[in-house]
There are 2 protein chains.
Amino acid sequence: MPDEFLLDEQACFALYAASRAVTDTYRPLLGELGLTYPQYLVLLVLWESDARPVKEIGEALHLDYGTLSPLLKRLEANGLLTRARLPEDERTVVISLTEEGRTMRTRASAVPSAIGCALGLDDASRRELITTLRRLTASATAYSLGGFDAQP
Amino acid sequence: MPDEFLLDEQACFALYAASRAVTDTYRPLLGELGLTYPQYLVLLVLWESDARPVKEIGEALHLDYGTLSPLLKRLEANGLLTRARLPEDERTVVISLTEEGRTMRTRASAVPSAIGCALGLDDASRRELITTLRRLTASATAYSLGGFDAQP
DNA sequence: CGCGAATACCTTGTGCACGATGTAATCGTG
DNA sequence: CACGATTACATCGTGCACAAGGTATTCGCG
């Protein structure tokens, strides 16, 4: 049987390398807009539906407050969004796009197709890859939460 | 046509999320050994072939000196490897495993199978995923290097 | 109503990841 | 052999990513 420690046999490393390679592809495109990839992801979430609490953004992106809080602060400092406490629940901070945040969507309109072109995936294999990766994410997440001996 | 900005349609986000989910799965396993995932990757490279220059490790993992230098320094501080200048070329730093670094391979022997189990991929789909991700990495890398107007 | 638990968020500390810059050693070429 | 270019590596600054710990607000239940 093959050596289980061989780097080339590991899907995890291929995943790790691919993820960074894709982010590298985004970097120059987003850099012109003054964005990083995680910041762009937050905007994607808000472009889909604006004025959402931090919690929802975190759930959509699988990111915790420790990552989001400073990231949202930087986006606020750059004038793309605002933060406001909900009057009916002062614990909740609602994130809303500014006008500049909304127009950024137009400025970024060329990004998805440019990336799609760079990755060279046709529509079918893209969907298949997404399916495989979702299954893998779910499987890994369940395992991380449950450990060796899961309990309800 | 579907909105190109939809998060759910983006292979890149699925990739980004999956990569972090997998790293999360490694964390508790490697944590018991006092390792992080990138540190584990460096050990994988050295277990395959010991006493290699920093440059080669970087090429194997697609990591630059800015990432590797401090990472290797931490592994050295933890007693897993040593750094030594090559006498015939004083620019080159050769990384060699210590005895502790070699025995770590035995201590980590359960890791690959545990991860394999957690991801729930059979051998065939694992290989197929690796192939897809390699193609994607190559495509993204070529695009990043070449940009819109590549020149030799 | 009172009060302990839960919720939503923030902050701090550590460790990647990458760009930019710096330095010493080596190479290549005239 | 001299000297500019290249190579191998280190350092610094910024921005994630996550764990751990903290605060203020709200909820639930007796």
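Each chain gets a letter, A, B and so on, in the order its sequence line appears, and its residues count up from 1.
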remark   = Ranking D:dT11, D:dC16, D:dC18 by distance to the side chain of B:Pro70, first place goes to D:dT11
message = Side chain of A:Arg27, heavy atoms from C-beta onward: which of C:dG15, D:dA17, C:dC18 has the nearest atom to it?
response =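 The listed nucleotide nearest to A:Arg27's side chain is C:dC18.
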query = In terms of side-chain geometry, is the basic nitrogen of A:Arg85 or A:Glu90 positioned less than 4.0 Å from the acidic oxygen of its partner?
reply =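 No, this pair does not count.
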request  = Using a strict 4.0 Å threshold on nitrogen-to-oxygen distance, state whether A:Lys73 and A:Glu76 make a salt bridge.
outcome  =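 Salt bridge: no.
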Side chains of [X] and [Y]: closer than 4.5 Å at any heavy-atom pair?
{"X": "A:Tyr26", "Y": "B:Tyr16", "answer": "no"}
{"X": "B:Val54", "Y": "B:Arg83", "answer": "no"}
{"X": "A:Leu29", "Y": "A:Leu35", "answer": "no"}

Provide, to the nearest angstrom, the distance between the [atom1] atom belonging to [X] and the [atom2] atom belonging to [N].
{"X": "A:Arg20", "N": "D:dA17", "atom1": "CZ", "atom2": "P", "result": "13 Å"}
{"X": "A:Leu30", "N": "D:dC16", "atom1": "CG", "atom2": "P", "result": "11 Å"}
{"X": "B:Leu72", "N": "C:dG15", "atom1": "CG", "atom2": "P", "result": "14 Å"}
{"X": "B:Asn78", "N": "C:dG15", "atom1": "CG", "atom2": "C1'", "result": "12 Å"}
{"X": "A:Arg74", "N": "C:dC10", "atom1": "CZ", "atom2": "P", "result": "13 Å"}
{"X": "B:Leu86", "N": "C:dC27", "atom1": "CG", "atom2": "P", "result": "11 Å"}
{"X": "B:Lys73", "N": "D:dC9", "atom1": "NZ", "atom2": "C1'", "result": "12 Å"}
{"X": "B:Asp24", "N": "D:dA19", "atom1": "CG", "atom2": "P", "result": "6 Å"}

Write down the protein N/O and nucleotide N/O pairs, taken from nucleotides 3-9 of chain C, whose separation is under 3.5 Å; answer none if there are no such pairs.
{"unit_1": "C:dT7", "atom_1": "O2", "unit_2": "A:Arg91", "atom_2": "NH1", "d": "3.2"}
{"unit_1": "C:dA8", "atom_1": "OP2", "unit_2": "A:Lys55", "atom_2": "NZ", "d": "3.1"}
{"unit_1": "C:dC9", "atom_1": "OP1", "unit_2": "A:Val54", "atom_2": "N", "d": "3.4"}
{"unit_1": "C:dC9", "atom_1": "OP1", "unit_2": "A:Val93", "atom_2": "N", "d": "2.8"}
{"unit_1": "C:dC9", "atom_1": "OP1", "unit_2": "A:Val93", "atom_2": "O", "d": "3.2"}
{"unit_1": "C:dC9", "atom_1": "OP2", "unit_2": "A:Lys55", "atom_2": "N", "d": "2.9"}
{"unit_1": "C:dC9", "atom_1": "OP2", "unit_2": "A:Tyr65", "atom_2": "OH", "d": "2.7"}

message = Over all strands shown, is B:Leu71 touching base, sugar-phosphate only, or nothing at heavy-atom distances under 4.0 angstrom?
response = sugar-phosphate
query = Where each residue is assigned the nucleotide of DNA chain C containing its nearest heavy atom, which of B:Pro87 and A:Leu68 is assigned the position nearer the 5′ end?
reply = A:Leu68
ask   = 5'-most contact on DNA chain D: A:Asp64 or A:Glu90, nearest heavy atom basis?
value = A:Asp64
Side-chain polar contacts of residues 115-126 of chain B - donor-acceptor pairs under 3.5 angstrom, sequence neighbours left out - could you list them?
{"unit_1": "B:Asp122", "atom_1": "OD1", "unit_2": "B:Ala124", "atom_2": "N", "d": "3.1"}
{"unit_1": "B:Asp122", "atom_1": "OD1", "unit_2": "B:Ser125", "atom_2": "N", "d": "3.1"}
{"unit_1": "B:Asp122", "atom_1": "OD1", "unit_2": "B:Ser125", "atom_2": "OG", "d": "3.3"}
{"unit_1": "B:Asp122", "atom_1": "OD2", "unit_2": "B:Ser125", "atom_2": "OG", "d": "3.1"}
{"unit_1": "B:Asp123", "atom_1": "OD1", "unit_2": "B:Arg126", "atom_2": "NH2", "d": "2.6"}
{"unit_1": "B:Asp123", "atom_1": "OD2", "unit_2": "B:Arg127", "atom_2": "NE", "d": "3.2"}
{"unit_1": "B:Ser125", "atom_1": "OG", "unit_2": "B:Asp122", "atom_2": "N", "d": "3.4"}
{"unit_1": "B:Ser125", "atom_1": "OG", "unit_2": "B:Asp122", "atom_2": "O", "d": "3.3"}
{"unit_1": "B:Arg126", "atom_1": "NH1", "unit_2": "A:Glu9", "atom_2": "O", "d": "2.5"}

ask   = Between B:Leu81, B:Leu41, B:Leu80, B:Leu75, which is the residue that forms a side chain to side chain contact (heavy atoms under 4.5 Å, CB included) with B:Leu46?
value =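 The option that passes is B:Leu81.
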